[in-house]
Engineer: 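Dropping the structure in here first, questions after.
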There are 2 protein chains.
Amino acid sequence: MSHGKLVSIPFVFEQPCPIRDVLDRIGDQWSLLLLEVLEHGTMRFSEIERAITDISKQMLSKTLRRLEEDGFVKRTLYPEVPPRVEYELTDLGRSFLTPMKTLIAWANENHQAICEARSEYGAKNGGR
Amino acid sequence: MSHGKLVSIPFVFEQPCPIRDVLDRIGDQWSLLLLEVLEHGTMRFSEIERAITDISKQMLSKTLRRLEEDGFVKRTLYPEVPPRVEYELTDLGRSFLTPMKTLIAWANENHQAICEARSEYGAKNGGR
DNA sequence: CCGTATCCCCGAGGATACTG
DNA sequence: CAGTATCCTCGGGGATACGG
């Protein structure tokens, strides 16, 4: 392999690195799940909360705000009493669904293989 | 959970969830970068270390072992003196490059938009 | 209803030193 | 050369209580 070698490696050394930047936001525990849920349309805070039973209000709030900051999600406040807030995907957010679904599809197709690899590895190194 | 509505939501509630499972491994700081680097062929431990200047030996070791566990990477030990160890992608690992590149492409194309969204958000909420 | 503030825990990950 | 072992820090994220 061309020992010109690491010249071609990548973009990962860019400052700031777009992939790191995206991954740091999307790689957390809730972002992908929220995007998936919001794909189905506009939802209120409490609707999302009920949809994802095991998220805390704090993390829901934080994650939504980050997604809003990054332009994935639009937040609309209706100053009624009691207040109503609705969240929906932006165009940018919707455009992200494509790579996301590619990733999800791969995960579904290969989950089995990964599990097998793990137990195989576990078998070989079980004796310690 | 069937609210009529959220019935179609997803797979994220599967136990165990394939996406969570994949993301927990791939969402860390180094895995994607290692896969990217190993795409270029078989490499020794120290070669990888030099390629990614800012990774610690410990994290390199851990991340490689996890990738090996999950069947993304094959590790070959040559019991010479001094020892030589080579790492390369497996078929599973190579198959993952496809969704990964889709994600990377999206990140590159939309990084600008994300940055703009951030500074716009920062502008609106800067006064606090 | 829609959040924020506070406290706390735990694991990712860096730095450094040691081993086969 | 290719790792482990140890120590430490920092931030994600849960639980709970409070505020507009």
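Residue numbers begin at 1 in each chain, while the letters A, B, ... track the order of the sequences. The figures that follow rest on heavy atoms only: side chains count, while hydrogens, waters and symmetry mates do not.
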Engineer: Does A:T42 reach the side chain of A:L89, with side-chain heavy atoms less than 4.5 Å apart?
Structural biologist: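 A:T42 does not reach A:L89 side chain to side chain.
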Engineer: I need the A:I104 CD1 to A:E109 CD distance, nearest 0.5 Å.
Structural biologist: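 Reported to 0.5 Å precision, the distance equals 12.0 Å.
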Engineer: Kindly state which residues belonging to residues 63-78 of chain A come within less than 4.0 angstrom of DNA chain D, counting heavy atoms of the residue only, listed by number.
Structural biologist: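 Contacting residues: none.
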Engineer: Is A:K74 salt-bridged to A:E88, cutoff N-O under 4.0 Å?
Structural biologist: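 Salt bridge between A:K74 and A:E88, a charged N being under 4.0 Å from a carboxylate O: yes.
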Engineer: What's the spacing between B:K62 NZ and B:R65 CZ if we round to 0.5 Å?
Structural biologist: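 These two atoms lie 8.0 Å from each other.
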Engineer: Angle, rounded to 10°, between the helical axes spanning five pairs at each terminus of the helix from C:dC1-D:dG20 to C:dG20-D:dC1?
Structural biologist: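 Taking five pairs per end, the axes differ by 40°.
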Engineer: Could you say whether A:P82 or A:K62 is positioned toward the 5' end of DNA chain C, judged by the nucleotide with the nearest heavy atom to each?
Structural biologist: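 Taking each residue's closest nucleotide, the earlier one in sequence belongs to A:P82.
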Engineer: Minimum heavy-atom separation for A:A51 to A:M43, with atom names?
Structural biologist: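 The answer is CB-CE, 4.3 Å.
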Engineer: Between A:E69 and B:K124, does at least one N-O distance fall below 4.0 Å, as a salt bridge requires?
Structural biologist: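 No, A:E69 and B:K124 are not salt-bridged.
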Engineer: Just to be sure I understand the rule, does B:E80 reach a base, reach only the sugar-phosphate, or reach nothing, if contact means heavy atoms closer than 4.0 Å?
Structural biologist: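 The residue B:E80 makes no contact with any strand.
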Engineer: Could you say whether A:P83 or A:I55 is positioned toward the 5' end of DNA chain D, judged by the nucleotide with the nearest heavy atom to each?
Structural biologist: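 With A:P83 and A:I55 compared, the 5'-side residue is A:I55.
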Engineer: For A:R118, is there an ion pair with B:D21 - N to carboxylate O distance below 4.0 angstrom?
Structural biologist: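 Yes, charged N to carboxylate O under 4.0 Å.
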Engineer: With sequence neighbours excluded, tell me which residues meet side-chain hydrogen bond (donor to acceptor under 3.5 Å, both in side chains) with A:K57.
Structural biologist: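 If we apply the side-chain hydrogen bond (donor to acceptor under 3.5 Å, both in side chains) test to A:K57, skipping adjacent residues, there are no hits.
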Engineer: Considering only heavy atoms of chain A and a distance under 4.0 Å, specify the first and last nucleotide of DNA chain D in 5' to 3' order that meet this criterion.
Structural biologist: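 Contact boundaries, 5' end first: D:dG13 to D:dG20.
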Engineer: Reading DNA chain C 5' to 3', which nucleotide is the first, and which the last, to come under 4.0 Å of any heavy atom in chain B?
Structural biologist: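 On DNA chain C, the outermost contacted nucleotides are C:dG13 to C:dG20.
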Engineer: Looking at side-chain heavy atoms only, is the closest gap between B:I48 and B:I55 below 4.5 Å?
Structural biologist: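 No. Closest side-chain heavy atoms not under 4.5 Å.
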Engineer: Looking only at heavy atoms, what is the nearest atom pair of B:G71 and B:T90, with distance?
Structural biologist: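 Here B:G71 and B:T90 meet closest at O-OG1, 2.5 Å.
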Engineer: Could you check whether A:Q29 gets within reach of a base, just the sugar-phosphate, or nothing at all, counting any heavy atom under 4.0 Å?
Structural biologist: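 Sugar-phosphate only.
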Engineer: When you look at CD of B:E80, are more than 12 heavy atoms from neighbouring residues, nucleotides or ligands closer to it than 6.0 Å?
Structural biologist: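 Counting other residues, nucleotides and ligands, CD of B:E80 exceeds 12 neighbours.
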Engineer: So does A:L60 get a backbone contact from the side chain of A:T63, meaning a donor-acceptor N/O pair under 3.5 Å?
Structural biologist: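 Answer holds: no.
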Engineer: Could you give all pairs that pass the ring-ring contact (aromatic ring centres under 6.0 Å, His included) test and reach residues 54-84 of chain B, with sequence neighbours left out?
Structural biologist: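 Listed by first then second residue: A:W106-B:F72, B:F72-B:F96.
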